[in-house]
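Worksheet for the structure shown next.
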Number of protein chains: 2
Amino acid sequence: MSEFWQDTEIERLDETHLRANVTERWSVNGIPNGGYMMSIAARAFRVGLSHPDPLTITGHYVEKAMVGPVELELDVIRQGNTVSTAALRFMQEGKERVRFTASYGDLDETSGVTWVGDQPPSIEREKCLTSPRFLAIHERVEMLFSPKTADWLRGRTVDRMEHELMAYLRDGTEPDVMALPFFADCVPPTTFSKFGSVGWVPTLELTVHVRAKPAPGLLTARFKTRYLINGLMEEDGEIWDSRGELVALSRQLAKYRGGNL
Amino acid sequence: MSEFWQDTEIERLDETHLRANVTERWSVNGIPNGGYMMSIAARAFRVGLSHPDPLTITGHYVEKAMVGPVELELDVIRQGNTVSTAALRFMQEGKERVRFTASYGDLDETSGVTWVGDQPPSIEREKCLTSPRFLAIHERVEMLFSPKTADWLRGRTVDRMEHELMAYLRDGTEPDVMALPFFADCVPPTTFSKFGSVGWVPTLELTVHVRAKPAPGLLTARFKTRYLINGLMEEDGEIWDSRGELVALSRQLAKYRGGNL
């Protein structure tokens, strides 16, 4: 079994109680990555709901989470014909760390009109810069940054906050709807472009819309921040699969506590 | 008291139970507008939490709501020093219609760096087109559509999905953080630009980030959809106040059930 699937495995105890284990392998300075926790939640919702695929998942990150066991309490709000909705308490040592809320459907069954008004960035893989491997998470996910938005990796700052990159799991796990929340939050903060690779950007809330099942291969992504206001910023992500199809949109609200300002 | 404030009034019953009344004045074909319901929720969270201002509110719309009384059940997840988080069940006739989850703070107390990477659209008010008043909601909110994106109001379609407009409440209520969720969802669907003013676009999930307290005067907004995939679309909104400051970002995931396709 792949490391990612092993590290997001869910044990069901009864109708509403599930259990998982947060490993140290997807952490940043010892703190589990918020997207990794959302991927655990995504699998718990799949176990508890009658529909298999996340359409939208929101996480409210209220307390610092830890590596170790986690108790998951499922609150099914509605099981519908085409959409099911539930909330999930992510509890460690009796304290709620994250509240997830999600609507699930079946991406193989959704039908209707398609119209696409934007394209993935064009990235030449052989010209990309890789990120330094100083965090545990870098051992698990390879990120190839487009030279167009990678000045921060050369120690230069620019007057915008944007990353364009390709990414894949090093252990060979192909991307899946369950892994998309992880990809939506594993990239260094967009503030690195503008302010350098310093500062602390804790997520308050992250919402991921899963729009299609990804094809095997590398994902291409763009993350962008347009409004950092009084220390609060959004970070918007778009993720495309190897066929060039959009598979996820993400947005988070985060605090920015820099650094050299 | 203004109509908007009257129609979002909250009665507190005890620590966790509140009550409100959904009036018919903010509805679309008899269905209460989703943003109006979120404004009711916004006021309920303010009553129940130790912080006054929404930073982020998410609504999962699971059942059709109705005009009439609503029971609100508050579930406080965490009251922190700078941020408080809670969930709210929006119940009618014993059935949950919407699940709201929100993090609140104090916008007068937030501080930190500001950097703005995008600007409001430039709209000449005197050249704007107004929307026809065939829905109850149109009697309450005036929407002035920029001619650049208002072909649909002249019966023409274009190959994009975008509205640029100015808006205000007709009763003279100045915009407030509590009203921003309403403004984030009161505009006709972006699909009207591409497919004409037909079709049904029910919201599955709406998230509004409140980024600043709006100044008095007209709001300027842009709503845009880039990805309509198998009948599911996002609609992204940006709202600026009369000083040109960004006051809210919104994103919703909605179904599109057209229409002449």
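Computed over heavy atoms, backbone and side chain alike; hydrogens, waters and symmetry mates excluded. What you see is a predicted model; the values in this text were computed from it and never measured. Just so it is clear: chains get the letters A, B, ... in the order the sequence lines come, proteins before strands, and each one is counted from 1.
Residues B:V113 and A:F195 form a side-chain contact, since some pair of their non-hydrogen atoms from C-beta on lies under 4.5 Å apart. For the pair A:L249/B:R251, a side-chain contact is recorded, criterion being any heavy-atom separation below 4.5 Å from C-beta on.
Contact count versus chain A (heavy atoms, under 4.5 Å) is highest, among B:E96, B:M233, B:R89, B:H60, for B:H60. Interface summary for chain B: among A:L232, A:T85, A:D118, the most heavy-atom pairs under 4.5 angstrom belong to A:D118. Heavy-atom pairs under 4.5 Å with chain A peak, among B:G117, B:G112, B:A87, B:A212, at B:G112. Here B:L228 is the residue among B:T114, B:L228, B:T56 with the most heavy-atom pairs under 4.5 Å with chain A. In terms of non-hydrogen atom pairs under 4.5 Å with chain B, the most contact-rich of A:T225, A:V62, A:L55 is A:V62. Considering only heavy-atom pairs separated by less than 4.5 Å from chain B, the leading option among A:L204, A:D75, A:L107, A:V83 is A:D75. Options A:D236, A:T207, A:T58, A:V116 differ in how many heavy-atom pairs under 4.5 Å they form with chain B, and the most are formed by A:T58.
Neither the backbone nor the side chain of A:S84 has a heavy atom closer than 4.5 Å to any heavy atom of chain B. Of the two parts of A:R99, only the side chain, counted from C-beta on, holds a non-hydrogen atom closer than 4.5 Å to a non-hydrogen atom of chain B. For B:T82, the part sitting under 4.5 Å from any heavy atom of chain A is the side chain, from C-beta outward, and nothing else. For a residue to count as touching a neighbouring chain, one of its non-hydrogen atoms must lie under 4.5 Å from one of that chain's; by this rule B:R78 touches chain A with the side chain only. With a 4.5 angstrom heavy-atom cutoff, B:Q252 touches chain A only via backbone atoms. With a 4.5 angstrom heavy-atom cutoff, B:K224 does not touch chain A via any of its atoms. Heavy atoms of B:S103 lying under 4.5 Å from chain A belong to its backbone as well as its side chain. Using a 4.5 Å cut-off between heavy atoms, A:K255 touches chain B through its side chain atoms alone. Using a 4.5 Å cut-off between heavy atoms, A:T110 contacts chain B through both its backbone and its side chain.
The minimum heavy-atom distance between A:E238 and B:Y227, with the atom names listed, is OE1-OH, 2.8 Å.
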### Message
Determine whether B:W115 and A:D159 satisfy the following criterion, side chain to side chain contact (heavy atoms under 4.5 Å, CB included), listing intermediate values before the conclusion.
### Response
CA-CA 9 Å; B:W115 177 84; A:D159 194 32; 2.8 Å; yes
### Task
May I have the step-by-step check of side chain to side chain contact (heavy atoms under 4.5 Å, CB included) for B:E245 and A:I229, ending in yes or no?
CA-CA 10 Å; B:E245 296 203 7; A:I229 298 171; over 6 Å; no
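Dense packing is recorded around CD of A:E73, with more than 12 heavy atoms of other residues, nucleotides or ligands lying under 6.0 Å away. Within 6.0 Å of atom CG in B:D108, more than 12 heavy atoms from other residues, nucleotides or ligands are found, so the atom counts as buried in its surroundings. Within a 6.0 Å radius of CD in B:E93, other residues, nucleotides and ligands contribute 12 heavy atoms or fewer.
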